[in-house]
Amino acid sequence: MAKTGADLLVERLLAWGVDTIFSLPGDGINGIYESLRTHQDKLKLILVRHEEAAAFMACGYAKFTGKLGVCLATGGPGGIHLLNGLYDAKYDGQPVLAITGSAAHDLSGTYWQQDVDLTKVFADVAACNERVMGPEHVETIVDQAIRTALAQRTVTHLSFPKDLQEWTTSEDKVSQMNVPHHTAPTPVSHDVAPSQAQLQMAAEVINTGKKVAILAGRGALAARAEVVQLAELVGGPIIKALLGKGVVPDASPYTTGGIGLLGTAPSQDAMEECDTLIIIGSHFPYLDYYPKPGQARTVQIDLDPSHIGLRTPVEVGLLGDSQTVLQALLPLLQRKGDRDFLTQAQDRMKAWHELLHERGSQEASPMKPQTVPLTLSPLLAANTIVTCDCGNNTTWAARYIQMQENMLFSTSGLLATMAAGLPYAIAASVAHPGRPVVALVGDGGFTMLMGELATAVRYHLPIKVFVFSNRAYGQIKWEQIVMEGNPEYGVDLQPIDFAKFAEACGATGFTLSEAKDAEQVIRQALAHDGPVVVDCLVDPNEPAMPGKVSTTQAIEFAKALARGERDSSEIIKNVIKNQFREAVATKGRSLLDVIPGL
């Protein structure tokens, strides 16, 4: 029996090992939906409330499984809605295939309803971006799209005209050049190693160094044991880019935690003082946080040659996957007897942890946002998957959630988009049934796609969502104040009772407003068998300051207060409380050093 174009598509996805598709239906993909219906015993359809969420879920699914993520949307507006999540996948190097419908092939370009040329729209985001030309084209082009997504760890896109989805194959329609079944689903290993000569050059740089620091990103997640072995050999701290938070447990004596605006003062100290830097699987974007050019000899390991030397001058670039490269490099390295650089970093981290604990354990009203992750972190199971949104909540998650050996973590990295935290959590729960999944989100980002909570209810996904309700776009507020020297403007949010919203969706809701109730409420939420939202009412004037405050940032902060920041008195109170010990933990670089009168 002849097969439809849609059947050929679905069967080819199955041949590549695809088992889950995130989608919202529409007229332009009805043919594909019929094939999904007839193959529902083999291919799981996760029905979403917004196409943007489908793309985020496909990206999150790829991040938490290492497999291809697939999202499906109708033509026109449905496809356009995918774009934000697809750029998230592209910028974080995740293999995602987007499939969209389109107008019937013989009506394309005639202003038919929802007729948008999505291959043009997706030209920048998709490495392979093609229109399906008929059933005979499906096998070849699906293979090419998936092959490209997996090989380049990027986004690909297929636009499938509505009528061609229902056409069936016919031998007289196949071109003479197209040999049937000439292409096949072929998994390819990404194990790549540089030459021995390059490894020797890298070893010479590292062995010569006196103060060696390691910057580990998401590309190092598959090389956890090797990264720790490297740190032991070189006697240097492991500094973690945000997407590399899970590379080593936060309790490890070898790590100083994160870097950048969300990071720690000890990490920045290590970057400022090292004479040798090893970058593993990271292209962390904030240039100010790298060693100054000429300060440190640098070795970089990356699977993508375009990343090597992108952020800082690199003396030796090692092209390959982190685990394979490190396994080849480690035998060439000499163990350093001088451990002072590492010991100093460890002493600083002890002071830093004490500082964080002091801030997070304040019995203040309104409740400090740090109280939530400080209380939550020790209650998490050892195999928890943690997601977070982008905003102030990212700072609290990055600093206070202590990763354990088998935990997973991710957020939107290079794109740093809001709204990804909840869809990521849903994707993680779909990908790993039975594992605890926790999302830390802001009230602004959560509101953007909070309809997806109904998706979690529909599929009985026991995710736990903690919403930091500060009634503002909090990070933007602090950027206006600290980065620009302006009073806040246009960042206030109308409050929403998220606990009641959760109940309206069929989930369970809690409200947490007092620090004294934090442990009890969080324990109840984690113990509940089903999706939960905890509406955490937190202090809107608690500054999510960098681990080390630059002079420029402090001056801009002072300018904003002088120019009429409306909550200046409350902000100053918080600054005084938080910063008086910062001078100890950050070697004197605190707001108290710069702001007049503090």
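It should be emphasised that the depicted structure is a prediction, and the values quoted were computed from it without experimental measurement. Heavy atoms only: backbone and side chains are in, while hydrogens, waters and symmetry mates are out.
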>> Evaluate L356 against L374 for side-chain contact (heavy atoms from CB on, under 4.5 Å), listing each step before the verdict.
In response: CA-CA 9 Å; L356 290 186; L374 178 69; over 6 Å; no
> Would L215 and M271 count as a side-chain contact (heavy atoms from CB on, under 4.5 Å) if you check the C-alpha gap in whole Å, the side-chain angles of each, and the deciding distance to 0.1 Å?
Replying inline: CA-CA 9 Å; L215 173 59; M271 280 290 204; 3.9 Å; yes
>> Determine whether V228 and E232 satisfy the following criterion, side-chain contact (heavy atoms from CB on, under 4.5 Å), listing intermediate values before the conclusion.
In response: CA-CA 6 Å; V228 172; E232 163 59 25; 5.6 Å; no
> Passes salt bridge (Lys or Arg N to Asp or Glu O under 4.0 Å), D92 versus K63? Steps please.
Replying inline: CA-CA 9 Å; D92 282 357; K63 284 185 172 185; 2.7 Å; yes
> After noting the C-alpha distance and the side-chain angles of L537 and T511, does the key distance pass the side-chain contact (heavy atoms from CB on, under 4.5 Å) rule?
Replying inline: CA-CA 8 Å; L537 307 182; T511 299; 4.0 Å; yes
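Using a 4.5 Å heavy-atom cutoff, the side chains of L303 and R153 are in contact. The closest side-chain heavy-atom distance from V534 to I522 is not below 4.5 Å. With contacts defined as side-chain heavy-atom distances shorter than 4.5 Å, the pair E315/T298 does not qualify. Between F341 and K336 there is no side-chain heavy-atom pair separated by less than 4.5 Å. L526 has its side chain within reach of L376: a pair of non-hydrogen atoms, C-beta onward, lies under 4.5 Å apart. D539 is not listed as a side-chain neighbour of M367, based on a closest heavy-atom distance of 4.5 Å or more. Annotation: side chain of C274 is in contact with side chain of Q295 (closest heavy-atom distance under 4.5 Å). Looking at P369 and N470, their side chains never come closer than 4.5 Å, going by heavy atoms from C-beta outward.
Counted by atom type alone, N84 and T417 present one or more donor-acceptor pairs between their side chains at under 3.5 Å.
Here E273 pairs with R348 in a salt bridge; the nearest charged N to carboxylate O distance falls below 4.0 Å. With respect to D250 and K240, a salt bridge is recorded, a charged nitrogen being found less than 4.0 Å from a carboxylate O.
Taking CG of L242 as the start and SG of C388 as the end, the distance is 6.0 Å to the nearest 0.5 Å. Once rounded to the nearest 0.5 Å, the distance linking CD of Q268 with OG1 of T256 reads 10.0 Å. Expressed to the nearest 0.5 Å, how far CG of L408 lies from NZ of K245 amounts to 13.0 Å. In this structure, I280 CD1 and L230 CG are separated by 5.0 Å, a value rounded to the nearest 0.5 Å. Distance check: F64 CZ to M57 CE gives 12.5 Å after rounding to the nearest 0.5 Å. Between atom SG of residue C536 and atom CG of residue L512 there is a gap of 5.0 Å, rounded to the nearest 0.5 Å.
Between I239 and A213, the shortest heavy-atom distance links the atoms CD1-CB, 4.1 Å. Shortest non-hydrogen contact noted between P313 and P293 is CG-CB, 4.2 Å. Residue P291 comes nearest to L277 through the heavy atom pair CD-CD2, 3.8 Å, listed as atom of the first residue, atom of the second, then distance. Considering every non-hydrogen atom in both A515 and E363, the closest pair reads CB-OE1, 3.9 Å. Annotation for I496 and M450: closest pair CD1-CE, 4.2 Å, computed over non-hydrogen atoms. Heavy-atom minimum distance, A381 versus P436: CB-CG, 3.9 Å.
Under a 3.5 Å cut-off, the side chain of T371 and the backbone N or O of K368 do form a donor-acceptor pair. Here the side chain of T255 pairs a donor or acceptor atom with the backbone of I238 at under 3.5 angstrom. T447 places a side-chain N or O within donor-acceptor distance of the main-chain N or O of D443, the cut-off being under 3.5 Å. Here the side chain of R311 pairs a donor or acceptor atom with the backbone of H283 at under 3.5 angstrom.
Heavy-atom neighbours of H528 NE2 from other residues, nucleotides or ligands within 6.0 Å: above the threshold of 12.
Here F284 and Y286 bring their ring centres to under 6.0 angstrom of each other.
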